[in-house]
Asks: 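The structure is given below, and queries will be raised subsequently.
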Number of protein chains: 2
Amino acid sequence: MATKKTAARVTKRTPRRSVLSDEIYDMIKAMIFNHEIEPGARVNIDSLSVQLEVSQTPVREALARLESDGLIAKEPLKGYKATQLLSIKELNDLFQFRLLIEPWAAEQAAKLIDNTGKTALKAEMQSAKTALKFAGDGQFQALSEHDSRFHTLISSISGNNTVADFYERTHCHLHLFRLYMANKLHLIDGETRGDFVQNLFEQYYQSGSGQLAIKEHDAIAKAILEQNPKAAKTAMHAHIESSLKRFSPVAAARN
Amino acid sequence: MATKKTAARVTKRTPRRSVLSDEIYDMIKAMIFNHEIEPGARVNIDSLSVQLEVSQTPVREALARLESDGLIAKEPLKGYKATQLLSIKELNDLFQFRLLIEPWAAEQAAKLIDNTGKTALKAEMQSAKTALKFAGDGQFQALSEHDSRFHTLISSISGNNTVADFYERTHCHLHLFRLYMANKLHLIDGETRGDFVQNLFEQYYQSGSGQLAIKEHDAIAKAILEQNPKAAKTAMHAHIESSLKRFSPVAAARN
DNA sequence: ATCTTGAAAATACTATACGAAATAGTATTC
DNA sequence: GAATACTATTTCGTATAGTATTTTCAAGAT
């Protein structure tokens, strides 16, 4: 009988990856990320649960969390809808917030980094460079993902979990990626300001600023690895300001 | 016609206070706030729904939101439990974070405040003083609520909604109040270190530091009302550091 | 023609019951 | 005494039904 039970257990379906509602949360977030759910679009619980082939319960929990993340908004008795793209002011506010915490985080990271951290930081920079060489069409996405990991890594090395946590909660790379995608999609739709937008991206992200961002990351990483707090702080500050300058025209094109 | 419509709406049963799950969210948060749900205690969906006399659905949504607020932790397949009290490190991290954003917010507030803001700020200071005169037993709670409103107000006057939002999400007054209450309750339970704790609170919160905090608030409010950004920034910085000093021994007593 | 209005349809919200699966605790076997 | 098997409890997800509210839209009133 023991054998029988064991056999039964072996044949049993995979032991359950995690909690379904967490997976649904990630899935919906991804849908927002890549415009499967467009900014401002209504999010219907029923159709989502049908689409994802789960019941409403996990969908509801996921949406509740996404709401408190500020990624979707709830209007009582009217339902959820994806939040709009960042306005110019919101973009500025967000980057001002980042300017308050991230330069400090970089400074701390330079002070406190250990060998594990150094290895991780070097690895991230290395993998980013090789990935960006081949990314091709998905280059901006690859850049965005690297950017997210890079900043997350530094804030975690800072040793202050509260700061690291709040950086995460900005979901800034998600917001920036949505801005990028929104313009890109308009381009595909063949809007007349296509040339402007096209120029913007080719110039800023794929050839120009993509490389520029990596250069800025290099400067930050270098300062941290050399344990030079002042330099790390300045480099991070410069990077965030420079990044804001790159994104402002994109947001402006939509406001 | 318009009249008729209005009439019909009036006779109709109350248009529904809001969404139940929002109310439940507030209720559970309040239960955490005042130790009806103790730190680390398990939170059972079923019993909560029975206790609050609602079904499980709104409880689930509320708990999902509370989790992303960091007030409740979820262990997959084991359920929810209230988070522990802040450790010394967490307290330090939290206050470091506040030091990064709140002095800046005070500075901005001093630059940008308008008449509406001035009126609100004066009113808050005034009502706090009168409330604290009469509060008696609930003095610390009154102080805590004033503190929360005061800092929220300033961060909102700063004009940066992202910063204001993230200040809110620290739930710092809730965490501090829990620390306070935890010690207070132990006192009631008659623990032997009662004298120590008693002394701590009588000295720091009810007579001493309660007044001190108000004095510090006064200095901040004055600087902002006089539109002196530099002074506002330094005053806020000093206040947060001083506040941390007041709470550290409390947290230390529990770690 | 514009504006109400009011029913039908769609959707959000809540309640409830059930089942599958995992955890935790207890008993049993070797 | 340790590994195993069994039981109880609890979480997690599903399904479904019913109510409340918003939305839609076409007929009727101004």
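So you know, we letter chains A, B, ... as the sequences are listed, proteins then strands, and number each from 1.
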Asks: Could you state the CG-C1' distance from L77(A) to dC13(C), rounded to the nearest angstrom?
Replies: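 Whole-Å distance recorded here is 7 Å.
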Asks: Rounding to a whole Å, what distance do you find between K74(A):NZ and dC13(C):P?
Replies: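 The answer, rounded to whole Å, is 6 Å.
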Asks: From the set dT14(C), dG13(D), dT11(C), return the single nucleotide nearest to any side-chain atom of S21(A).
Replies: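 The closest nucleotide is dG13(D).
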Asks: Would you call the rings of F247(A) and F95(A) parallel, tilted or perpendicular, where under 30° means parallel and over 60° means perpendicular?
Replies: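 Ring orientation, 0 to 90° scale: tilted.
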Asks: Counting side-chain heavy atoms from CB outward, which of dT14(D), dC13(C), dT10(D) is closest to V54(A)?
Replies: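 Nearest listed nucleotide: dT14(D).
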Asks: Could you state the CG-P distance from D22(B) to dC13(C), rounded to the nearest angstrom?
Replies: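 Taking CG of D22(B) and P of dC13(C), I get 9 Å after rounding.
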Asks: What integer distance in Å separates E53(B):CD from dA15(C):P?
Replies: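 The distance from CD of E53(B) to P of dA15(C) comes to 10 Å, rounded to the nearest Å.
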Asks: Does dT11(C) have its OP1 or OP2 closer than 4.0 Å to a side-chain nitrogen or oxygen of K78(A)?
Replies: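 Indeed not, no polar side-chain atom of K78(A) lies that close.
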Asks: To the nearest Å, give me how far apart CG (D46(A)) and C1' (dA10(C)) are.
Replies: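 That distance rounds to 10 Å.
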Asks: In whole angstroms, how far is the C1' atom of dA17(C) from the CD atom of Q56(B)?
Replies: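 My rounded result for the distance is 10 Å.
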Asks: Apply salt bridge (Lys or Arg N to Asp or Glu O under 4.0 Å) to D93(A) and R98(A), showing your working.
Replies: CA-CA 9 Å; D93(A) 284 358; R98(A) 293 182 64 186; over 6 Å; no
Asks: May I have the distance from I45(B) (atom CD1) to dT16(C) (atom P), rounded to whole angstrom?
Replies: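 From I45(B) CD1 to dT16(C) P: 16 Å.
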Asks: Between S155(A) (side chain only) and H151(A) (backbone N and O only), is there a donor and an acceptor less than 3.5 Å apart?
Replies: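 The answer is yes, because a donor-acceptor pair under 3.5 Å joins these two groups.
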Asks: Do Y167(A) and N160(A) meet the criterion of a side-chain donor-acceptor pair at a distance under 3.5 Å?
Replies: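 Result is no, nothing qualifies.
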Asks: Which whole-number value in Å describes the distance from Y25(A) OH to dG13(D) C1'?
Replies: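 Answer to the nearest Å: 20 Å.
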Asks: For dT10(D) and N44(B) - does any side-chain N or O of the residue sit under 4.0 Å from the phosphate oxygens OP1/OP2?
Replies: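 Result: no.
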Asks: Taking OP1 and OP2 of dT14(C), is either one under 4.0 Å from a side-chain nitrogen or oxygen of S55(B)?
Replies: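 Checking S55(B) against dT14(C): no side-chain N or O falls below 4.0 Å of OP1 or OP2.
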Asks: May I ask you to check whether T162(A) and Q96(B) show a side-chain donor-acceptor distance below 3.5 Å?
Replies: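 On atom types as modelled, these side chains do not qualify, holding no pair under 3.5 Å.
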Asks: What nucleotide among dG13(D), dC13(C), dT10(D) has an atom nearest to a side-chain atom of V19(B)?
Replies: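 Ranking dG13(D), dC13(C), dT10(D) by closest atom to the V19(B) side chain puts dC13(C) first.
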